[in-house]
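Below you'll find the structure, written out as structure tokens, and then a few comments.
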Number of protein chains: 2
Amino acid sequence: MAGVSFKTVSRVVNGEPGVSSAVTDRVREAAAALGYRPNAAATALRRADGRTATFGVLLEDAGNHFFAMLLRGIEDVARERGVAVFTSSTDLDFAREREMTAAYVARQVDALITAPSDSAGEHLRRVIAQGRRVVLVDRTLDGLDVPTVLVDNALGTRTAVDHLIARGHRRIGFLGRDPSIYTSRGRYAGYVEALTGAGITVDPSLVHREGFTGSSPRAAIERLLDLPDPPTALFTGQDVITMTAVSVLQRRGLSDRVALVGFDDFELADLLQPGVTVVAQDPRRIGALAAELALDPAGSGVHLVPTQLIERGSGEIPA
Amino acid sequence: MAGVSFKTVSRVVNGEPGVSSAVTDRVREAAAALGYRPNAAATALRRADGRTATFGVLLEDAGNHFFAMLLRGIEDVARERGVAVFTSSTDLDFAREREMTAAYVARQVDALITAPSDSAGEHLRRVIAQGRRVVLVDRTLDGLDVPTVLVDNALGTRTAVDHLIARGHRRIGFLGRDPSIYTSRGRYAGYVEALTGAGITVDPSLVHREGFTGSSPRAAIERLLDLPDPPTALFTGQDVITMTAVSVLQRRGLSDRVALVGFDDFELADLLQPGVTVVAQDPRRIGALAAELALDPAGSGVHLVPTQLIERGSGEIPA
DNA sequence: AGCCTTTACGACAACGTTGTCAAGATCTCG
DNA sequence: CGAGATCTTGACAACGTTGTCGTAAAGGCT
């Protein structure tokens with residue numbers, strides 16, 4: 001339509017030098033009139049560096065507030081740099097994790113940003129060996145030397161449990177997710193450290209770790225509260241479990257009697273009665289940092305994003 | 001490595017007939033050993049139908065619970081069918097909307113699933129004219145004959161406002177988003193219909209529509225409650241505004257005095273005091289339906305997903 | 001004017017696949 | 001045992017770009 005070779009179009013579109021301004025204008029006009037967009041598949045295929053300007057993001061659940069905000073953080077950075085983002089949720093299903101990793105690799109993503117399960121080590125190693133960039137968020141795996149963004153789960157939990165201990169609590173329940181989840185292990189470790197640091201022995205009957213016990217968090221909380229010598233405080237190791245605890249405590253009229261601190265902030269935590277004290281993460285920042293590491297060829301190492309204890313009432317109930 | 005031509009590899013990988021089982025095994029072994037994955041860019045480039053098994057999803061905010069769940073619904077269906085999903089949030093910024101649409105078109109998505117702004121008509125028309133599949137969710141545009149998934153915003157709102165009227169309320173505040181948002185217009189229309197249907201004239205001083213008024217929802221709620229003759233009930237036209245209303249009412253100690261019904265369900269709505277009555281949508285179903293329409297070449301028309309009034313207490317406070 | 005440099009373009013190969021076609025090997029059946 | 005059918009495989013073009021190179025035209029210098 002502009003009466004030039006397709007190579008000249010390529011030059012104009014990519015802003016390469018060596019095209020007269022008259023021809024440039026003609027090409028631009030024709031491109032606008034036709035709604036021409038370069039075919040990204042062909043571009044990626046031909047480019048020397050093979051870059052596709054695409055990330056693959058693989059998280060547990062894009063419907064969960066924490067991961068949704070993490071995704072927003074990735075998006076924010078990606079959009080600025082013209083990178084498109086594939087997303088998918090695993091729901092902790094390893095088959096899906098493998099399948100989606102393969103799907104992203106087939107689509108030649110420039111980087112895979114993922115919160116891996118413990119089992120992911122093997123296939124991630126292959127992905128890395130093929131020279132594809134991998135960035136880990138929220139969770140990590142031994143022996144994988146890739147840029148990683150984490151929080152100090154043990155430290156955050158220690159802060160929370162110390163906070164409860166300082167208010168006189170000795171019997172503090174722990175409600176955590178399956179220990180096969182990296183964050184869950186760190187949080188349990190922090191709980192144990194805090195208690196032993198204060199000279200309190202860990203009472204296994206106050207500990208619920210999903211997958212070990214088999215029962216649901218709700219049943220576990222009920223069980224703890226039904227003990228002859230029930231806990232005076234609860235630490236919950238994830239937002240969903242925290243909300244479950246709030247629900248159970250409310251239904252039993254114990255909201256103002258049993259202290260509660262949860263890991264992860266969530267919407268409306270301040271509007272509940274009492275407000276829920278939490279160890280907050282900054283998932284948007286975690287995501288943004290991960291995306292920057294994915295874009296920076298020199299990016300490496302483990303980056304810790306700090307957590308913050310937010311007092312809202314539930315964690316300040318004395319023993 | 002398997003000692004065959006690359007065409008034979010293609011046959012094995014795609015399960016085409018006419019390859020002996022011995023060769024198939026050799027190829028599979030070699031592929032496994034090398035971690036070979038077909039290059040999706042090359043495949044898409046060469047395929048007769050040009051399919052990329054990729055969707056582009058463009059919503060307002062993946063961090064908002066409604067859109068996050070909508071995205072999950074899309075993901076659920078997409079994964080089943082081997083489709084990868086690009087996601088991006090516009091935050092109502094039209095420049096981003098255009099930019100990301102172009103980015104998805106360049107990447108040859110099989111379908112663009114989007115909640116369009118009013119301004120998107122022009123560029124979407126071009127995208128459709130180029131033969132690319134477009135599916136609208138949550139919002140629609142006149143003169144775009146594409147598969148669409150909506151809820152009946154006016155009906156849902158009428159149900160909510162009728163519910164308040166049935167409990168004796170006559171002065172019912174309306175707190176909505178910018179009328180440039182499709183859903184916001186339908187919800188306001190439903191509010192007006194319900195009131196006039198009950199013989200109540202709409203009092204403009206009880207109506208806040210962001211963008212018209214200029215002020216924030218929080219300021220608007222404060223203003224309404226400060227009126228000499230304040231509303232006895234509020235209808236809030238979106239989850240974020242509902243949460244703001246809960247916050248203001250709580251701070252003023254009016255939670256048990258002023259009735260409240262909100263559009264959109266949200267987490268913890270049942271754990272607030274009182275529980276928040278809402279007109280709930282089923283965003284996951286909306287997303288799943290949209291994805292199915294995107295995959296089905298025969299999919300067309302406007303599909304309405306029903307809303308449901310969930311009574312939790314705040315909407316049952318009498319005048 | 002004659003030569004060299006620069007500018008502005010096009011021709012062509014290549015990226016890694018799939019679709020088409022051809023050809024050799026093997027099987028079937030009278 | 002031979003002719004035809006079928007089965008298995010490879011050669012080659014093509015998808016829409018980018019990178020390399022060639023070349024005609026224009027410009028600069030002596």
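Letters go in sequence order (proteins before strands), and every chain restarts at 1.
Heavy atoms of Thr8(B) sit under 4.0 angstrom from primed sugar atoms or phosphate atoms, though from no base atom. Contacts of Thr43(B) with the nucleic acid, taken as non-hydrogen atoms under 4.0 Å apart, involve only primed sugar atoms and P, OP1 or OP2. Here Val9(A) lies out of heavy-atom contact (under 4.0 Å) with every strand.
Residue pairs meeting the ring pair (Phe, Tyr, Trp, His ring centres under 6.0 Å) criterion with at least one partner in residues 7-29 of chain A, sequence neighbours excluded, are absent. Within the structure, ring pair (Phe, Tyr, Trp, His ring centres under 6.0 Å) contacts touching residues 11-53 of chain A (residues at least two apart or in different chains) do not occur. Applying the ring pair (Phe, Tyr, Trp, His ring centres under 6.0 Å) rule to pairs touching residues 38-80 of chain A yields nothing, sequence neighbours excluded.
Classification of Arg185(B) and Asp118(B) as a salt-bridged pair holds, one side-chain N sitting under 4.0 Å from a carboxylate O.
With sequence neighbours excluded, no residue forms a salt bridge (charged side-chain N to carboxylate O under 4.0 Å, His left out) with Asp178(B). Every residue two or more places apart in sequence or in another chain was checked for a salt bridge (charged side-chain N to carboxylate O under 4.0 Å, His left out) with Arg26(B), and none qualifies. Residues passing the side-chain contact (heavy atoms from CB on, under 4.5 Å) test with Arg98(A), sequence neighbours excluded: Phe94(A), His123(A). In terms of the salt bridge (charged side-chain N to carboxylate O under 4.0 Å, His left out) criterion, Asp296(B) has no residue partners (sequence neighbours excluded). Applying the side-chain contact (heavy atoms from CB on, under 4.5 Å) rule to Arg125(B) yields the partners Leu144(B); only residues at least two apart in sequence or on another chain are considered. Annotation: salt bridge (charged side-chain N to carboxylate O under 4.0 Å, His left out) contacts of Asp142(A) (sequence neighbours excluded): none.
Of the residues in residues 26-34 of chain A, not one comes within less than 4.0 Å of DNA chain C through any heavy atom.
When each of Val23(B) and Ala42(B) is assigned the nucleotide of DNA chain D with its nearest heavy atom, Val23(B) is the one assigned upstream, toward the 5' end. Each of Pro17(A) and Lys7(A) has a nearest nucleotide on DNA chain C; the 5'-most of these lies closest to Pro17(A).
Here chain A contacts DNA chain C (any atom closer than 4.0 Å to a heavy atom, that is under 4.0 Å), and the contacts span dA8(C) to dG16(C) from 5' to 3'.
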Review item, nucleotides 21-26 of chain D N/O atoms under 3.5 Å of protein N/O:
none

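Between the CZ atom of Arg133(A) and the CD1 atom of Ile128(A) there is a distance of 10.5 Å, given to the nearest 0.5 Å.
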